[in-house]
Amino acid sequence: MTFNFSMQAIDQIVNSAAKTLYMSGGQVECSIVFRGPNGAAARVAAQHSQDFASWYAHIPGLKVVSPYTAADAKGLLKSAIRDPNPVIFLENEILYGKTFPVPKLDDYLVPIGKAKVVRPGKDVTILSWSIGMTYALEAAEELAKKHIFAEVIDLRTIRPLDMATIIESVKKTGRCVTVEEGWPQFGVGSEIAARIMDEAFDYLDAPVKRVTGEDVPMPYAANLEKLALPNAAKVIEAARAVTYR
Amino acid sequence: MPVNILMPALSPTMEKGNLAKWLKKEGDKVKAGDVIAEIETDKATMEVEAVDEGTIAKIMVPEGTADVPVNQVIAVLAEEGEDASAAAKAAPTAPKPQVASAPKADAPKPTPAPQAAAPVPAAPKANGSGGRVFSSPLARRLAKDAGVDLSRVSGTGPHGRIIARDIESAKSGGAQMRAPAAPSGGTMPGISVPSDDQIRALYEEGSFESVPHDSMRKTIARRLLESKLTIPHFYLTADVDIGSLLRVREEINATAPEKDGKPAFKLSVNDFVIKAMAVALQKVPDANATWTEGAMLKHKHSDIGVAVAIPGGLVTPVIRQAEGKSLSAISNEMKDFAARAKTKKLKPTEYQGGTTAISNLGMYGVKDFAAVINPPHATILAVGAGEKRAVVRDGEVVAADVMTVTLSCDHRAVDGALGAQLLAAFREAIEKPLSLMA
């Protein structure tokens, strides 16, 4: 089952799981991890190709985690299971086929709520998570050839956002591009843009730019599906726009 | 999508220009490469070519408008299949959409659109519409920290937005600095100059005509004031014997091959002066220099600027690598420069840079004078008239053809002895003109 089917139970997740601790006056915990594939796979059409990151990240009472690497998937899943709160754990079907090194430790944990600077840079901050990281890193590699040095940050947790890491980076680079597969309106990138404007306005040399999925239901046709999703070229274009190069 | 046609930057330092003439009118079809307008900068008139194909939907800046900032929208182009009047309405900085600008609708009054769409001259400092300077938050903070006045920085971001790198280059004194607040170059900090009104008060009302400065006049004023205020000038004068030069010149011109029924070239004394200066700079390479705060730029070639008087001012086209050019090549290049300078058709690349300059007022009968160095040069040679003078040769007074030249030197780059060596090398070259033929 993928997260597309979680909408059948969204009342239970939003109204019950997320609010139980609050409505019981702190007496009843709801320690559940909801995990499964999220976002577009390949050619599974409009109803089965959706990114729910911003949906669940909208809800107070939930934690939303979405790893890119296998090591983070392992460490964050263990942290999620140990967390006393309901955690939405968004995985990606395409990343299931990708290999990453995983540390061999008895108890490997990755803390929830901590972003990771994956590639340091000075000219523009590229923020992403999950499969978006593949576009972000590919773009950063290409941009470096054009002497635009991007700092790439893997958010890993969507709620709570690690704003400290984001702001520190944006203060350094003065520019930010967010990359996500979800739709543009009210997306995670929109929220990050607003928060950066709030906390680092005087450090911005350009408006924050979002690279998102197109604002349409996912097409079934392979060529259109490709066009509807973000890719490295779109990230490069956005990075060049905000660096004015 | 209607395409905005922007005021082009015709040279790296151009900040604004005058829209001299529209060669297309609203409703005209253009294709890429068509000349659509003429832009006048400080020293040249340049043609603007269309980049895209389409129909001129709206002219935003009427011809004759002065000081149009670079990147300002000057016209809107409707692409193929687009409704020109709709594109005109969508024009970005139009104060109010003009309904009657469809080409075929006979407008009752002759000048419908342009007046409404000319907010340009009123706000020379603004890089966007509405009379304010657009800048990124980071640029504003950096400017504040560095004490840089944003109104003096020209923005290179979208729509002329001032971005962080513009502040960086303004701080390092780069080309992004606009002219000081008075663009005529009238004032420098710490020096008080009488105000315009105080000067006018000295003359009776109606006894003079007030002519506004054109951009060339402003540029001359700014650059030469900057030169005299920042360059420590000193002057070296010498008399040179041009007797053999005149003989050689006559001989060469008399035997010039014919081309289309006219001689292929006619050398002037000035052509010899250019070549002699080029050769002298190669002999004394240390004097072929430009002072910068960080380092001395030692030039490899002799790029000789030659001051050409044109109506309303002067321009200094540069003969590049003159040391390697023949006298006839220099002569013909100079003729072409002079002709095009008079019609303001020189390209900025043809009059920018150079490693020295020559100013010749001999044809006016001037005996000798000292010229103001034209930055970034370190020297300039002022050439007086060649005339018969009584000179003492072998103990006897004889008549000789003599010309007085004065070399102005930037003491930061060229010291007295070095300047004297350059002048001596020049004298040797010009007095032995056959050496210039090699």
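Order of the sequence lines sets the chain letters (A, B, ...), proteins ahead of strands, with each chain counted from 1. Source: prediction; values computed, not measured.
- When the shell of 6.0 Å around OH of A:Y22 is examined, it contains 12 or fewer heavy atoms from other residues, nucleotides or ligands.
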Donor-acceptor pairs under 3.5 angstrom involving side-chain atoms of residues 220-227 of chain A: please list them, not counting sequence neighbours.
{"unit_1": "A:E225", "atom_1": "OE1", "unit_2": "A:R43", "atom_2": "N", "d": "3.3"}
{"unit_1": "A:E225", "atom_1": "OE2", "unit_2": "A:R43", "atom_2": "N", "d": "2.9"}

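- Remark: A:E168 CD is loosely packed, at most 12 non-hydrogen atoms of other residues, nucleotides or ligands lying under 6.0 Å away.
- Residues of residues 231-245 of chain A that come closer than 4.5 Å to chain B, counting heavy atoms only, are A:T243, A:Y244, A:R245, ordered by residue number.
- Residue B:K24 places its NZ atom among more than 12 non-hydrogen atoms of other residues, nucleotides or ligands, all under 6.0 Å distant.
- Expressed to the nearest 0.5 Å, how far CG of B:L138 lies from OG1 of A:T173 amounts to 9.5 Å.
- Taking a 6.0 Å sphere around CD of A:E199, one finds it holds more than 12 heavy atoms contributed by other residues, nucleotides or ligands.
- Scanning residues 56-68 of chain A against chain B with a 4.5 Å heavy-atom cutoff picks out nothing at all.
- Heavy-atom contacts from other residues, nucleotides or ligands closer than 6.0 Å to NZ of A:K172 number more than 12.
- For A:M197, the side chain to side chain contact (heavy atoms under 4.5 Å, CB included) partners are A:F201, not counting sequence neighbours.
- Listed here is the closest heavy atom pair of A:L204 and B:P137: O-CD, 3.2 Å.
- Heavy atoms from other residues, nucleotides or ligands lying under 6.0 Å from NZ of A:K146 number more than 12.
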